[in-house]
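These notes are about the structure you will find just below.
Hydrogens, waters and symmetry mates play no part in the numbers below; they use all other heavy atoms, side chains included. Heads up: numbering here begins at 1 and tracks the sequence.
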Amino acid sequence: MKLRIKKPKPRPRPVVAKKKRTPLKKSVLRSAPKHTPSLTKTQLYWKNWGKRAGQQDALAHDISKEGYQKKALNNLWVHHANSQLLATNVHNYEAASRGYVKGYCKAAKLSIPDWMLIPTARSVGVIVSVMNEERTIVKVLEQLNRLPLDELIIIVNGSSDRTLEKVRAHSHALIVHYPDPLGHDVGRSIGAKLSNSDILLFLDGDFVVQAEKLIPFIYDVERGSDLALNNITPYLPQFSRWDSVTVMKRFLNVTLKRPELNANSLTAVPHALSRNALEHIGYSELMVPPKAQVNAILSGLRITAPTSVNVVSVNKVRSHNKGKNNPVARLIIGDHVEALQFAMKLKGERIVFPDIIRKREFLER
């Protein structure tokens, strides 16, 4: 006989009530901290280096009673910011600067601000020309307020929105207000005339540039450059797709035997000028940037393009700068024609390209 083995009945599993997921509110999602890339070993080294330097300076120097603590701390920092930092890697400098601010403020029992220190003891001024930029000007000022600037000059012109009110509310800048539009680049010229700083940094108010990205412009002038241009070359398409303005920029540099500058120009911001450059070029010349660039090149001033800030894709599209043959493009092309005429007036009709083949004097006999 076969034995029948009864299989035990499975025990009923306890029913576990599923917890309902409560969706996060939009406000919570927006306020969540953004992911920041981790530091490399080299950057971590420089951050710790800066932190130790800041702690040491906090024991020897007290900035709590200074009227402008940001500048006072920067004056201490300059002794540590040697040329090897930025020459090696700009990110190493950023890490060292952040570490220094944190180390000093923590040792001095001060709140830790989001300052970005600059590698110069010379005075630095920033000039911003704005018109109807109420959407971006506050964020622009937030970045500039992170720097230990000696001057901040805002030229508000032709604005029909709340740009002027927002500039007044978010900065202690010297504000120059014109109810009517000044026209292209006139605001920069006025700001330069009002400035007294050794190093001048020029920006626009229609797009935000992080404070860290402005350091190389200041540093290059500190090292002896007279004009530190924005290197837009990495953001340009193939030559066959260049617009007429970019071609004119390149043509002007090649004509003056500065092909290494490619299409880089004083027309594009950010850029920085030394006080020496301003005295050689003159305030009024800044109203026509290509003409000022010709003046600088023919005067033998040192011109560099130390870093790249993408202004090609973020440039604000307006009704007067859309299309191939828009009014702004025609204006800038005309500026380059004026610059070439200026060069021919100074150096002759052929500028820097002498005619050594034709014996023209025989025609006059």
Side-chain angles (χ1 to χ4, degrees), residues 46-47 49-83 85-86 90 93-128 138-154 167-176 191-192 194-203 209-225 228 270 272-276 278:
W46 283 115
K47 182 180 179 180
W49 175 88
K51 188 176 180 180
R52 290 193 299 270
Q55 291 170 346
Q56 294 172 1
D57 283 351
L59 298 175
H61 304 281
D62 182 15
I63 66 167
S64 60
K65 297 180 181 179
E66 295 286 343
Y68 191 8
Q69 294 183 1
K70 200 187 312 180
K71 185 68 176 181
L73 186 61
N74 197 86
N75 290 336
L76 297 176
W77 161 249
V78 170
H79 297 290
H80 302 282
N82 56 62
S83 60
L85 278 175
L86 268 179
V90 67
Y93 177 87
E94 295 171 15
S97 173
R98 291 179 183 275
Y100 182 84
V101 173
K102 185 175 182 179
Y104 183 96
C105 293
K106 194 172 183 179
K109 297 182 179 179
L110 300 172
S111 58
I112 303 174
D114 189 23
W115 292 345
M116 178 52 55
L117 303 180
I118 56 180
T120 180
R122 291 197 282 174
S123 57
V124 177
V126 174
I127 296 166
V128 187
V138 174
K139 292 183 179 180
V140 171
L141 293 173
E142 285 175 354
Q143 291 301 316
L144 293 178
N145 289 336
R146 295 175 58 204
L147 300 170
L149 302 175
D150 296 270
E151 288 181 312
L152 178 55
I153 303 173
I154 312 292
V167 171
R168 285 174 172 170
H170 292 86
S171 77
H172 298 284
L174 170 63
I175 304 171
V176 184
L194 294 173
S195 69
N196 295 303
S197 297
D198 299 321
I199 301 174
L200 297 179
L201 189 64
F202 294 84
L203 294 172
V209 180
Q210 296 294 318
E212 289 83 356
K213 293 186 177 181
L214 299 175
I215 299 297
F217 297 100
I218 298 171
Y219 182 65
D220 236 42
V221 177
E222 165 67 16
R223 291 194 301 170
S225 178
L273 270 67
S274 68
R275 175 58 54 177
N276 177 58
L278 199 58

Checklist entry - What are the two closest non-hydrogen atoms of I127 and A192, and how far apart are they? => result CD1-N, 3.3 Å
Item to check | Residue pairs fulfilling salt bridge (charged side-chain N to carboxylate O under 4.0 Å, His left out) with at least one residue in residues 104-128, sequence neighbours excluded | outcome: R98-D114, D114-R146, R122-E222
Item to check | side-chain contact (heavy atoms from CB on, under 4.5 Å) between I175 and R168, worked out | outcome: CA-CA 8 Å; I175 304 171; R168 285 174 172 170; 3.6 Å; yes
Checklist outcome for this item: Residue set satisfying side-chain hydrogen bond (donor to acceptor under 3.5 Å, both in side chains) with S225, at least two apart, ordered chain then number -> T304
Next on the checklist: Give me the atom names and distance for the closest heavy-atom approach of V78 to A121.
Outcome noted: CG2-N, 3.8 Å
Checklist entry - In chain order, what residues pass the side-chain hydrogen bond (donor to acceptor under 3.5 Å, both in side chains) check against Q210, with sequence neighbours excluded? => result Q143
Checklist outcome for this item: With sequence neighbours left out, the residues meeting salt bridge (charged side-chain N to carboxylate O under 4.0 Å, His left out) with R275 are none
Item to check | Residues forming a side-chain hydrogen bond (donor to acceptor under 3.5 Å, both in side chains) with S274, sequence neighbours excluded | outcome: D226
Checklist entry - Rounded to the nearest 0.5 Å, how far apart are CG of D198 and CG of N276? => result 11.0 Å
Item to check | Qualifying residues under salt bridge (charged side-chain N to carboxylate O under 4.0 Å, His left out), relative to K71, sequence neighbours excluded | outcome: D150
Checklist entry - Looking at S171 and L152, what are the two nearest heavy atoms and their distance? => result CB-CD2, 4.4 Å
Checklist entry - Of the options W49, Y219, W46, W77, which is the one that meets Y93 in a ring-ring contact (aromatic ring centres under 6.0 Å, His included)? => result W77
Next on the checklist: Applying salt bridge (charged side-chain N to carboxylate O under 4.0 Å, His left out) as the test, list every pair that has at least one member in residues 58-67; sequence neighbours left out.
Outcome noted: none
Item to check | Within 6.0 angstrom of K70 NZ, more than 12 heavy atoms from elsewhere | outcome: yes
Item to check | Nearest-0.5 Å distance, CD of residue E212 to CG of residue L147 | outcome: 8.5 Å
Item to check | Heavy-atom closest pair, residues L149 and Y68 | outcome: O-OH, 2.6 Å
Item to check | With E142 via side-chain contact (heavy atoms from CB on, under 4.5 Å) - residues at least two apart | outcome: V138, K139
Checklist entry - Where do L76 and I63 land on the side-chain contact (heavy atoms from CB on, under 4.5 Å) test, with the steps shown first? => result CA-CA 10 Å; L76 297 176; I63 66 167; 4.0 Å; yes
Checklist entry - A95: what forms a side-chain contact (heavy atoms from CB on, under 4.5 Å) with it, not counting sequence neighbours? => result Q43, K47
Checklist entry - With distance as the sole test, does N74 use its side chain to make a donor-acceptor pair with the main-chain N or O of I118 at under 3.5 Å? => result yes
Checklist entry - Would you say the side-chain atoms of S195 and E151 include a donor-acceptor pair closer than 3.5 Å? => result no
Checklist entry - What's the spacing between L110 CG and Q69 CD if we round to 0.5 Å? => result 6.5 Å
For a quick test of your reading: what N or O donor-acceptor pairs under 3.5 Å do the side chains of residues 54-61 make, sequence neighbours left out?
unit_1 : atom_1 : unit_2 : atom_2 : d
D57    : OD2    : H80    : NE2    : 2.8
D57    : OD2    : Y100   : OH     : 2.5

Item to check | Rounded distance [0.5 Å steps], CD1 in I199 versus CG in L278 | outcome: 13.0 Å
Next on the checklist: The criterion is side-chain contact (heavy atoms from CB on, under 4.5 Å); which residues satisfy it with V140, sequence neighbours excluded?
Outcome noted: I137, L144, V208
Item to check | Among L141, L174, L203, the one residue meeting side-chain contact (heavy atoms from CB on, under 4.5 Å) with I154 | outcome: L141
